[in-house]
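Below: the structure, in structure tokens.
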Amino acid sequence: MLKLASWNVNSLKVRLEQVLTWLDSSEVDILGIQETKLVDEQFPVDAFVEKGYHVVYAGQKTYNGVAVISRFPISDVQTDIPDLDDPQRRILAVTIGDLRLINLYVPNGAEVGCDKYEYKLNWLAKVSAYIEQQSREHAKLAVMGDFNIAPEDRDVHDPAEWVDCILVSPLERQAWHTLLSTRLKDSFRLFPQEDNQFSWWDYRAAGFRRNRGLRIDHILLSDALVQNCLSSQIDREPRTWERPSDHTPVWVALKN
DNA sequence: ATGGTGGTCTTACCA
């Protein structure tokens, strides 16, 4: 069995011990991390290598930053894609065995209609084209990360309150469908799931305690991986820890 | 009640 996970850690500097603890307890084989907020020179390579992991990362100062931690060797690393000249480090595509993995930190977008929203939509369009191309080259493709999109109303604690808001707006959901039209499936919805399961809760207004969350962290799988997918779950536990990220990890188990 | 918290070479910006 192979276990893949995605976690927006909101600063790997602050969350390193939590990530190491969770790697032990979850028995995850491959973890995609978003919002490391570390330049490459500061990435805690040794902490992972000491535990037997392979590590790749693409970081920048203060914001963004993505990484992949793997029990198996990593090759064919790509951090930039065609037609997107972007200094922001949000993309990390890697090959691990016969698996192609794309780890994404999708822009937040701030507010519908603003410059950052336009950047988000443009970014998603370019990334979708790249994923389409990758899906042609790799039968076993997984796309994971913080998508900053809640695909459906059932992924939102209070859909009425969130109508047309950022993370939920029609154009963002349209971009989500464009992304999935590249023959990918939302692994979470391959299985019956309890209601009101979310992956992110605002730090403000006791969002987690009141379960006022959104499901915006996802693992998408190509058909060849869907066939082998045994489970897709959200692990709420790290969000209960002291000084948590505002996101909690999501994972899939794949049959060999 | 129209805010709130948390992270970052902090006093502004991002989420």
Side-chain angles (χ1 to χ4, degrees), chain A residues 6-22 31-44 47 57-67 84 86-92 103-124 127 144-151 155-169 171-173 175-176 198-218 234-250:
Chain A
S6 172
W7 192 2
N8 179 325
V9 299
N10 186 19
S11 168
L12 186 56
K13 187 177 177 184
V14 172
R15 235 66 69 185
L16 178 60
E17 289 308 314
Q18 293 190 19
V19 172
L20 294 171
T21 298
W22 191 72
L31 172 64
I33 296 174
Q34 305 88 36
E35 284 208 270
T36 60
K37 299 187 176 180
L38 290 173
V39 294
D40 290 348
E41 295 71 32
Q42 290 177 352
F43 196 92
Y57 40 87
Q60 66 180 87
K61 200 175 127 181
T62 310
Y63 303 118
N64 309 316
V66 282
L84 188 69
D86 188 0
Q88 300 191 30
R89 301 293 82 191
R90 297 177 175 278
I91 300 170
L92 195 51
N103 180 31
L104 300 177
Y105 175 43
V106 177
N108 174 279
E111 197 178 325
V112 174
C114 71
D115 288 352
K116 286 177 186 162
Y117 183 72
E118 295 304 321
Y119 165 68
K120 179 179 193 173
L121 294 177
N122 177 62
W123 191 96
L124 283 164
V127 167
M144 64 166 54
D146 175 1
F147 286 73
N148 269 316
I149 301 174
D155 300 314
V156 180
H157 67 88
D158 184 347
E161 183 183 319
W162 280 81
V163 168
D164 294 339
C165 289
I166 198 68
L167 314 184
V168 166
S169 74
L171 286 177
E172 288 166 274
R173 285 179 168 174
W176 166 263
F198 309 119
S199 68
W200 168 83
W201 300 260
D202 200 313
Y203 285 124
R204 293 166 288 189
F208 183 66
R209 184 177 57 74
R210 301 157 71 192
N211 199 27
R212 291 169 55 82
L214 269 62
R215 192 176 70 91
I216 58 177
D217 299 86
H218 310 292
I234 299 172
D235 183 356
R236 284 174 56 97
E237 201 204 311
R239 192 63 173 78
T240 69
W241 294 346
E242 199 172 328
R243 206 179 179 191
S245 169
D246 45 353
H247 296 252
T248 212
V250 301

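Every chain is numbered from 1, with letters handed out A, B, ... down the list of sequences. No hydrogens, no waters, no symmetry mates; every other heavy atom, side chains included, goes into these values.
For A:E111, the CD atom is loosely surrounded, since the number of other residues' heavy atoms within 6.0 Å does not exceed 12. Remark: A:D158 CG is packed, more than 12 non-hydrogen atoms of other residues, nucleotides or ligands lying under 6.0 Å away.
Here the straight-line distance linking atom CG of A:N211 with atom CZ of A:R236 works out to 5.0 Å at 0.5 Å rounding. Atoms CG and CG, on A:N8 and A:D217 in that order, are 6.5 Å from each other to the nearest 0.5 Å. Put simply, CG on A:N148 and OH on A:Y105 are 5.5 Å apart, with the number rounded to the nearest 0.5 Å.
Applying side-chain contact (heavy atoms from CB on, under 4.5 Å) to A:K37 and the options A:L12, A:N10, A:N64 leaves one that passes, A:N10.
Only the P atoms considered, B:dT5 is 22 Å distant from B:dC9, to the nearest whole Å. Comparing the same atom, C1', in B:dG7 and in B:dT11 gives a spacing of 15 Å after rounding to whole Å. Comparing B:dG4 with B:dA15, their C1' atoms sit 14 Å apart, to the nearest whole Å.
Counting non-hydrogen atoms under 4.0 angstrom, A:Y105 reaches the backbone sugars and phosphates but no base. Residue A:R90 is in sugar-phosphate contact alone, with no base atom involved, counting any heavy-atom pair closer than 4.0 Å across all strands shown. Using a 4.0 Å heavy-atom criterion, one finds that A:R15 contacts the sugar-phosphate atoms exclusively.
Counting only Watson-Crick and G-U wobble pairs whose two key distances fall under 3.5 Å, DNA chain B forms stems of three or more stacked pairs at B:5-8 with B:12-15.
With a heavy-atom cut-off of 4.0 Å to chain A, the contacted part of DNA chain B has its first and last nucleotide at B:dG4 to B:dA15.
Of the two residues near DNA chain B, A:R204 and A:D246, the one whose nearest nucleotide lies more 5' is A:R204. Along DNA chain B, the nucleotide nearest to A:R212 and the one nearest to A:K37 differ in position, and the one closer to the 5' end is contacted by A:R212.
Checking side-chain atoms of A:Q60 against main-chain N and O of A:R89 turns up a donor-acceptor pair under 3.5 Å.
Contacts classified as salt bridge (Lys or Arg N to Asp or Glu O under 4.0 Å) and involving residues 206-215 of chain A (residues at least two apart or in different chains) are given here: A:D155-A:R215, A:E161-A:R212, A:D186-A:R215.
Relative ring orientation between A:W241 and A:W7 is described as perpendicular, the plane-to-plane angle rising above 60° on a 0-90° scale split at 30° and 60°.
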